[in-house]
2 protein chains.
Amino acid sequence: MAASHRPSMAEVAQLAKVSHQTVSRVINGFPGVRPQTRERVEQAIRETGYRRNHAARTLVTNKSGLIGVVTSGSALFGPVNTLVGIEEAARLHNYSTLLTTLREGSKAEFDAVVGQLLDRGVEAIVTIAAHEELVHYAGATSIGVPLIVVGPSRTEVSDLSTMSVNQEHGMRLAVQHIASLHHKQILLLSGPHHWIDAQQRLRAATDECTKLAVSFETIEGDWSPECGYSIATNLLSRTDKPRPTAILSANDAMALGALAAFRDGGWSVPEDISVMGFDDLPESGYFQPPLTTVHQDFRTLGGRVVAALVAQIQDAPADPTPVDPTLVIRRSTASPGA
Amino acid sequence: MAASHRPSMAEVAQLAKVSHQTVSRVINGFPGVRPQTRERVEQAIRETGYRRNHAARTLVTNKSGLIGVVTSGSALFGPVNTLVGIEEAARLHNYSTLLTTLREGSKAEFDAVVGQLLDRGVEAIVTIAAHEELVHYAGATSIGVPLIVVGPSRTEVSDLSTMSVNQEHGMRLAVQHIASLHHKQILLLSGPHHWIDAQQRLRAATDECTKLAVSFETIEGDWSPECGYSIATNLLSRTDKPRPTAILSANDAMALGALAAFRDGGWSVPEDISVMGFDDLPESGYFQPPLTTVHQDFRTLGGRVVAALVAQIQDAPADPTPVDPTLVIRRSTASPGA
DNA sequence: GTCGCAAATGTTAGCGATAACATCACCCTG
DNA sequence: CAGGGTGATGTTATCGCTAACATTTGCGAC
């Protein structure tokens with residue numbers, strides 16, 4: 001076996017004593033090849049170690065079989081798991097996944113990255129971990145292939161195809177849980193306002209609070225435990241306003257920070273204050289105390305995204321079944337004063 | 001702007017009144033194009049909205065500019081961050097990253113995935129999150145492009161290019177820290193034995209224990225907090241053997257599980273037992289108590305991997321500077337009986 | 001046996017780029 | 001002003017494949 005030479009179809013054809021076209025037919029599973037011929041070709045393929053050349057194929061069919069993913073460089077739980085879900089589903093549909101990460105998140109960087117994907121002939125693009133600006137970039141850039149933004153809810157930006165876990169539902173679940181525990185005054189610890197997910201989660205939470213007559217205040221965090229810690233620490237020493245009896249954090253990491261802060265400040269959770277997260281990290285059940293949170297199935301979401309994309313590529317209607325989060329009640333929440 | 005038509009070089013050339021070759025020269029930044037011509041071509045590119053067709057380019061140059069990554073489907077901290085590091089570095093070197101995930105980890109699946117990458121003409125392949133079998137698959141499969149396995153140390157499998165964080169060094173650091181606290185009897189909570197990283201971490205730990213006259217026992221876990229929890233729970237009720245005064249876990253997640261188990265069992269950490277992790281998750285500083293661990297910079301590792309690959313592709317020698325982990329001392333470790 | 005149709009296979013053109021070579025224009029030199 | 005670079009540009013072949021059409025083969029019917 002010659003080391004570095006990649007055999008072409010022609011070579012296989014020669015060995016099998018057929019034309020290259022017949023080889024092509026065998027490879028692509030076309031009907032109308034005599035079994036005996038097919039066998040001969042397959043044998044030749046094995047002998048030569050032939051591999052199809054996807055570039056040549058792409059050139060002539062004008063289909064790359066590539067899906068481009070734009071994700072934030074952060075290794076956050078949601079985005080990463082969505083990515084994995086996308087890759088798996090893509091492979092199932094015979095697509096390959098081209099991955100790009102965003103470092104700064106500027107429009108220039110976004111355009112560069114999308115351009116790179118376009119040069120490669122991707123048939124569709126998914127943007128994960130959407131900052132709000134990204135959505136506008138995506139809306140502004142006319143790119144000529146289907147693009148789905150994972151994050152904003154369908155109504156948020158017209159004219160842009162979007163998908164997400166039904167975060168609104170998740171947040172309502174969370175607020176309802178807290179309300180059912182008879183908390184009347186809660187703190188909503190939101191994510192950065194330029195993250196679509198953060199906006200969505202916050203809006204749903206405030207909505208539901210209003211509906212259930214729970215009064216709330218809002219502080220914006222940055223998703224990190226550090227920030228949850230410092231915000232909770234401030235709370236400990238606060239005297240000016242009535243103190244909330246529960247914190248509803250927009251993700252588990254910040255909730256963890258809050259847990260640590262209360263512990264360091266001598267408060268018990270959930271006796272002195274309830275803490276609730278959002279995401280359900282694999283670790284969250286082992287926090288101290290185990291964190292009540294909302295479970296989101298990002299992998300399934302990834303699969304749905306690909307299904308939608310494939311449908312769009314093939315001009316078929318997509319299945320719009322939402323991915324519903326579920327409530328996971330653990331020990332970090334209880335009734336106030338209980 | 002016609003919606004779905006992708007302009008070719010020929011069209012740009014026609015508009016700019018030059019030959020397609022000149023357009024090619026402009027695009028690839030060749031010298032020897034008159035500034036005025038260049039300007040005309042660039043104008044035409046803008047007007048037509050031309051994008052290079054990478055498939056055609058790949059076909060003729062026989063260089064895809066693609067790096068394939070094979071990773072485990074799990075969203076574990078190390079692999080994910082390595083992946084991000086790889087993508088960033090790849091882009092810096094003008095490569096794109098093709099991502100594939102492994103669901104089951106069989107040789108058949110590995111071969112299928114690698115085959116898919118090869119069809120796409122990847123110039124190199126990186127395997128992250130290596131199970132031991134993967135290494136053997138990788139060794140067995142002659143693929144014709146450089147392949148780097150991230151995980152096993154250089155000496156482990158001859159004839160296979162490998163890279164990793166210097167885990168051995170990290171583990172020695174960990175054991176030294178524990179020894180310096182005067183622990184004499186420790187429990188090594190290792191990862192699954194078929195994971196290369198687990199093997200390496202374990203071997204280094206046992207080595208160093210022996211060297212420092214610390215006696216140890218070993219239990220194999222599966223990286224999950226669940227498993228750390230149950231193993232630690234067993235420890236609580238153990239009477240047959242001398243109980244260890246410290247646990248050294250091969251990752252932070254299992255250490256977290258152990259923390260939870262001890263808490264539930266009424267033991268204090270680090271007063272009753274010390275617990276130490278490995279990885280330094282973003283959350284680890286907020287565990288209860290904050291976890292002493294070993295910090296690993298997987299992103300940098302990813303960058304190094306790409307650098308090595310690019311060097312190999314271009315037949316240049318690689319820079320073998322290892323990525324050294326660092327000790328992060330927090331509050332989960334103390335001297336026994338202190 | 002030969003006609004004819006369908007199944008199986010072969011032939012040709014071209015996808016959009018780069019490489020290699022050919023040409024042209026221009027300027028400097030002697 | 002002829003000769004010869006040199007710099008700028010154009011021409012042609014080619015990469016490996018698939019689409020479309022052309023041809024051959026096999027076989028049953030008359």
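As a basis for the values below, the full set of heavy atoms in this structure was taken, side chains included, without hydrogen atoms, waters or symmetry mates. The chains referred to below are lettered A, B, ... by the order of the sequence lines, with proteins before strands, and numbering in each begins at 1.
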Sugar-phosphate means primed atoms, P, OP1 and OP2; the rest is base. With that split, encode nucleotides 10-19 of chain C 5' to 3' as B, S or - using protein heavy atoms under 4.0 Å. BBB-BBBSBB
Could you check whether the rings of B/Phe77 and B/Phe298 sit parallel, tilted or perpendicular, using 30° and 60° as the cut-offs? perpendicular
Side-chain heavy-atom pair B/Ile45, B/Ile27 within 4.5 angstrom cut-off: yes
More than 12 heavy atoms of other groups within 6.0 Å of A/Glu11 CD: yes
Separation of D/dG7 P from B/Arg38 CZ (nearest whole Å): 15 Å
If you measure from NE2 on A/His54 to CG on B/Leu66, what distance do you get to the nearest 0.5 Å? 11.0 Å
Using nucleotides 24-26 of chain D, report all nitrogen or oxygen pairs with the protein that are shorter than 3.5 Å.
none

Are any of the side-chain heavy atoms of A/Ile86 and A/Ile128 separated by less than 4.5 Å? yes
With a 4.0 Å limit, can you tell me whether A/Thr37 has a side-chain N or O closer than that to the phosphate oxygens OP1/OP2 of C/dA8? no
Do A/Arg91 and B/Thr101 have side chains that get closer than 4.5 Å, going by heavy atoms? yes
Pairing of B/Arg103 and B/Glu109 as salt bridge, 4.0 angstrom limit: no
If the threshold is 4.0 Å, N to carboxylate O, is there a salt bridge linking A/Glu47 and A/Arg40? no
